[in-house]
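This report concerns only the one structure given below.
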Amino acid sequence: MWLRPNRKNFMDIFVHFKSIIVNIIADMGHGDLDCTRINTEPPRDKAHGDIATNAAMVLCKPLGMKPRDLAVKIADALAENPDVAAVDVAGPGFINIKVANGFWTTRFAQLVAEKELFGRPEKHNRKLMVEFVSANPTGPVHIGHVRGTVFGDSLSSLLEWSGYDVYREYYVNDAGGQVITLARSAYLRYCEALGDDIGAIPEGLYPGEYLKPVGQELAKKYGDKLKNLDEAEWLPLIKDIVMASMMMIIKDDLALLDVKFDNYFSERKLHEDGAIEKTLADMRQRGLVYEGSLPPPKGQLPDDYEEREQTLFKATEWGDDIDRPLIKSDGSYTYFAADIAYHRDKYLRGFKEQIDVLGADHGGYVKRLKAVVRAVSNDEAELDVKICQIVKLLKNGEVQTMSKRSGNFITLSELHAAVGKDPIRFMMLYRKNEAPLDFDYDKVTQKSRENPVFYVQYAHARVYSIMRQAKSVLAGFDVETFDFTKVDLSLLQDEAEINLMKTLLNWPKVATGAAEFHEPHRISFYLYDLASHFHGLWNKGKEMPQLRFIVDDNLELSHSRLAMVRSVAYIIKAGLDILGVDAPHEMR
RNA sequence: GCCCGCGUAGCUCAGUUGGAUAGAGCAUCGGAUUUCUACUCCGAGGGUCAGGGGUUCGAAUCCUCUCGCGGGCACCA
């Protein structure tokens with residue numbers, strides 16, 4: 001159901017060569033053969049050339065030929081192609097193609113011309129929603145939320161890059177009992193602000209200091225009026241104020257990471273405007289809801305368990321393991337019922353592709369949420385749920401523990417003050433989302449090769465350094481005005497140069513793949529690899545002056561190399577933009 | 001007990017959705033190097049891809065079982 005981004009302007013070399021091979025097969029008189037299983041891909045071992053294909057192994061059976069014999073026939077035909085420098089047949093019947101250098105430099109000209117936009121798919125009309133963070137509005141954003149925040153935001157950017165119309169949304173859980181707890185906690189701070197000795201914050205209330213300003217605000221607004229009222233009277237008054245205040249804090253925190261939402265969606269609104277009732281009525285009509293009782297949970301049985309008749313959603317019909325309750329024993333809706341209404345609302349707003357980013361502790365919800373989206377859209381919409389594993393914070397090689405009970409968790413603003421936005425964003429994406437992550441406080445601020453953030457940013461800065469150097473050495477050169485599209489790229493013939501260009505040309509494939517599979521970490525790894533190629537070439541110039549980017553007595557060659565160097569920055573910039581990390585021009 | 005995720009070099013992890021002799025960074029070992037364009041460079045060793053079975057030309061990748069780690073498991077949000 002997840003469609004591939006289209007790539008109108010980008011000629012994927014692998015797709016290109018596959019079509020060449022398919023044509024060869026047709027020319028051999030086998031145009032009716034099924035060629036879908038033919039792959040063209042980069043060989044794992046670079047010594048095998050640029051492109052490997054399994055065509056002969058896939059087609060040998062229907063043709064009744066030995067794989068190697070067929071491979072030789074195809075290889076001979078391929079050798080006629082002017083873009084092909086060499087072909088050989090290897091192993092069980094692989095065909096290895098070495099592409100002519102001219103092919104690379106021709107294609108590289110496209111990159112030089114399109115700059116940061118190289119390989120970026122056309123915009124299409126598909127809307128997609130990414131819901132992320134959705135932290136309970138009961139306090140500042142803390143370390144536990146950071147990974148999902150960065151992941152969701154970068155994934156959104158990545159999908160925007162690939163052509164989607166992306167909508168970022170934060171689901172505000174402002175309806176449940178925790179808001180009441182929050183209001184009570186604020187009330188205590190209010191009393192404190194009026195001079196009461198409140199002692200220790202009782203168990204079950206939020207102990208955080210961040211509620212003190214709210215208490216003062218309340219004291220300022222109401223004086224001691226609220227103290228003479230019953231809880232039923234002051235609670236609604238305080239609730240709104242403290243909630244608004246928490247959301248302010250959260251938005252400020254998110255701004256530290258340059259994260260902005262298109263919308264904050266209120267759960268409470270779903271209750272108030274009847275969306276949940278409407279959803280349930282709709283589902284009842286479609287036969288998705290019934291009254292029945294569930295088998296008791298296996299394993300440890302809750303103390304207060306009692307079997308009873310419940311209103312259930314037939315989640316099992318949509319791929320879930322068990323049917324799910326919609327109404328609590330006190331008659332109110334379950335959180336899940338609101339969640340159904342919420343995801344239905346997304347669908348009704350036109351989002352047929354949805355992504356939820358959740359924390360590791362919500363892994364158990366994946367199936368039911370997917371079931372919900374399928375059910376409420378009658379299989380017209382699809383949800384992908386991305387689970388972000390926990391982050392272990394390391395300082396001096398030791399794990400930083402935090403206890404939720406004391407409210408002593410490390411906040412985003414503390415982390416930000418210590419290391420800054422870029423290391424946080426980059427490192428949170430320098431791992432698969434479903435793998436646990438160690439975040440080393442000390443390492444991420446180091447200026448060395450060991451720090452991937454620095455390593456990549458430095459590559460970008462190095463490009464600009466080289467451009468500055470070129471300006472002072474080469475007559476008439478200025479990055480701002482120089483037309484790189486006019487240089488002769490065919491002068492770039494060294495293997496290391498060709499390899500760097502190949503790496504750069506691979507960017508569209510990496511980025512579209514990352515977008516397709518919702519895996520922004522591929523961008524970080526690619527950028528690290530690219531930086532490594534670039535730094536490596538720079539280092540080579542130390543030993544071999546003839547490989548330096550600026551060659552004293554050869555203006556033309558210098559210009560060609562500077563075009564290549566400039567292109568490194570185009571792609572790093574494009575990648576870092578997706579990650580939300582700055583691309584600095586210098587790093588002093 | 002059930003569901004989900006994970007298990008790859010001493011450590012931390014990649015692995016382009018089924019390709020060939022499984023990669024990178026740290027760490028280890030061996031060399032080079034002192035200002036050249038900017039925060040060192042080059043090389044080496046290191047593997048039962050947790051384990052067994054299966055699918056096929058071909059498996060770290062797909063299926064199945066076992067073991068280990070993490071998370072979750074009516075009515076909380």
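All figures in this text were calculated on a predicted structure; none of them were measured in a lab. Just so we're on the same page: letters track the sequence lines, and every chain starts at 1. Just so it is clear, the values below take in all heavy atoms, side chains as well, and ignore hydrogens, waters and symmetry mates.
Distance check, rounded to the nearest 0.5 Å: CG of A/Leu537 to CZ of A/Arg548 gives 12.0 Å. To the nearest 0.5 Å, atom CD of residue A/Glu497 and atom NZ of residue A/Lys540 are 8.5 Å apart. A/Phe336 contributes atom CZ, which lies 10.0 Å from atom OH of A/Tyr365 (distance to the nearest 0.5 angstrom).
Residue A/Gly363 is classed as having no contact, given no heavy-atom separation below 4.0 Å to the nucleic acid. Residue A/Glu267 is classed as a sugar-phosphate contact, given heavy-atom separations below 4.0 Å to backbone atoms only. At a threshold of 4.0 angstrom between heavy atoms, the contacts of A/Asn506 with the nucleic acid are absent. Backbone-only engagement by A/Asn136 is indicated by non-hydrogen atom pairs under 4.0 Å involving sugar-phosphate atoms exclusively. Base engagement by A/Ala90 is indicated by at least one non-hydrogen atom pair under 4.0 Å involving a base atom. Among the protein residues, A/Ala470 comes within range of no part of the nucleic acid, since none of its heavy atoms lies under 4.0 Å from any strand.
Taking atom CG of A/Asp361 as the reference point, atom P of B/G5 lies 17 Å away to the nearest angstrom. What separates CG of A/Asn539 from P of B/U33 is a distance of 16 Å, to the nearest Å. Remark: P of B/U17 and NZ of A/Lys509 are 7 Å apart, rounded to the nearest angstrom. What separates OH of A/Tyr528 from P of B/G25 is a distance of 7 Å, to the nearest Å. Atom CZ of A/Phe336 and atom C1' of B/G72 are 15 Å apart (whole Å). Across the protein-nucleic acid pair, A/Leu527 atom CG and B/U16 atom P stand 18 Å apart, rounded to whole Å. What separates CD1 of A/Ile550 from P of B/C36 is a distance of 15 Å, to the nearest Å.
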Protein-nucleotides 26-31 of chain B N/O pairs closer than 3.5 Å?
none

Taking N or O atoms only and anything under 3.5 Å, show me the protein contacts with nucleotides 6-13 of chain B, one pair per line.
from: B/U12; atom 1: O2'; to: A/Arg431; atom 2: NH1; distance (Å): 3.1
from: B/C13; atom 1: OP1; to: A/Arg431; atom 2: NH1; distance (Å): 3.4
from: B/C13; atom 1: OP1; to: A/Pro436; atom 2: O; distance (Å): 3.3
from: B/C13; atom 1: O3'; to: A/Arg431; atom 2: NE; distance (Å): 3.4
from: B/C13; atom 1: O2'; to: A/Arg431; atom 2: NH2; distance (Å): 3.3

Heteroatom pairs (N/O) under 3.5 angstrom, protein to nucleotides 58-61 of chain B:
none

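Applying the Watson-Crick and G-U wobble criteria (two distances, each under 3.5 Å), B/A59 pairs with nothing in any strand. Nucleotide B/A14 forms a pair with no other nucleotide shown, judged by Watson-Crick or G-U wobble geometry with both contacts under 3.5 Å. Using Watson-Crick or G-U wobble geometry with both donor-acceptor distances under 3.5 Å, B/G1 finds its partner in B/C73. Across all strands shown, B/C67 forms a Watson-Crick or G-U wobble pair with B/G7, both key distances being under 3.5 Å. Nucleotide B/C49 forms a pair with no other nucleotide shown, judged by Watson-Crick or G-U wobble geometry with both contacts under 3.5 Å. Base-pair partner of B/U40: B/A32 (Watson-Crick or G-U wobble, both distances under 3.5 Å).
You can call A/Phe94 stacked on the base of B/A20; the centres are under 5.5 Å apart and the planes sit within 30°. Where stacking is scored as ring centres under 5.5 Å apart with planes under 30°, A/His48 registers as stacked on the base of B/A20.
Taking side-chain N and O atoms only, A/Lys328 has a distance below 4.0 Å to OP1 or OP2 of B/A77. Within the structure, a side-chain polar atom (N or O) of A/His521 is placed less than 4.0 Å from OP1 or OP2 of B/G15.
Side-chain atoms of A/Gln469 lie closest to B/U37 of the nucleotides B/U37, B/C41, B/C3. The side chain of A/Pro325 approaches B/A74 more closely than any other nucleotide in the set B/A74, B/U37, B/A77. The A/Thr334 side chain lies nearest to B/C76 when the options are B/C76, B/U40, B/C3. With B/A74, B/A20, B/A77 as the choices, the nucleotide that has an atom nearest any side-chain atom of A/Gln178 turns out to be B/A77. Listed nucleotides: B/G19, B/U16, B/A20. Nearest to the side chain of A/Arg522: B/U16. The nucleotide whose nearest atom lies closest to any side-chain atom of A/Tyr335 is, among B/U40, B/C76, B/U17, B/C76.
Counting non-hydrogen atoms of other residues, nucleotides and ligands closer than 6.0 Å to NZ of A/Lys471 gives a total of 12 or fewer.
A/Asp174 places no side-chain N or O within donor-acceptor distance of the main-chain N or O of A/Ser266, the cut-off being under 3.5 Å.
Taking the P atoms as reference points, B/G30 lies 45 Å from B/C67, given to the whole Å. Annotation: B/C6 and B/G31 have their P atoms spaced 43 Å apart (nearest Å). Taking atom P in both B/G70 and B/U12, the straight-line distance is 15 Å, to the nearest Å.
Ring planes of A/Tyr264 and A/Tyr170: tilted class, angle from 30 to 60°. Aromatic ring pairs are classed by plane angle as parallel below 30°, tilted from 30° to 60° and perpendicular above 60°; the pair A/Trp161 and A/Trp507 is perpendicular.
Between the side chains of A/His343 and A/Asp356, at least one donor N or O sits under 3.5 Å from an acceptor N or O. Judged by distance alone, the side chains of A/Glu309 and A/Ser293 never bring a donor and an acceptor atom under 3.5 Å apart. In the model, A/Asn506 has no side-chain atom that pairs as donor or acceptor with a side-chain atom of A/Tyr526 under 3.5 Å. Side-chain N/O atoms of A/Arg468 and A/His585 include no donor and acceptor closer than 3.5 Å. Counted by atom type alone, A/Asn173 and A/Gln178 present zero donor-acceptor pairs between their side chains at under 3.5 Å.
Scanning for ring pair (Phe, Tyr, Trp, His ring centres under 6.0 Å) contacts around A/Phe439 gives an empty result, with sequence neighbours left out. A/Asp50 meets the salt bridge (charged side-chain N to carboxylate O under 4.0 Å, His left out) test with A/Lys502; sequence neighbours excluded.
The glycosidic torsion of B/U17 lies within 90° of 0, placing the base in the syn range.
Across the interface with RNA chain B, nearest-nucleotide mapping of A/Val366 and A/His585 shows A/Val366 to be the residue nearer the 5′ end. Between A/Trp538 and A/Gly176, the residue whose closest nucleotide on RNA chain B is further toward the 5' end is A/Trp538.
Side chains of A/Tyr333 and A/Leu270 form no contact here, defined as non-hydrogen atoms less than 4.5 Å apart. In this structure the side chain of A/Val172 reaches within 4.5 angstrom of the side chain of A/Met243, judged on heavy atoms. Side-chain contact between A/Lys73 and A/Met65 is present, with heavy atoms from C-beta onward closer than 4.5 Å.
Applying the 3.5 Å distance criterion, the base of B/A24 shares no donor-acceptor pair with the side chain of A/Asp529.
The aromatic ring centroids of A/Phe525 and A/Tyr430 lie less than 6.0 Å from each other.
In the region residues 460-468 of chain A, proximity to RNA chain B at under 4.0 angstrom, judged on heavy atoms, holds for A/Ala461, A/Arg462, A/Ser465, A/Ile466, A/Arg468.
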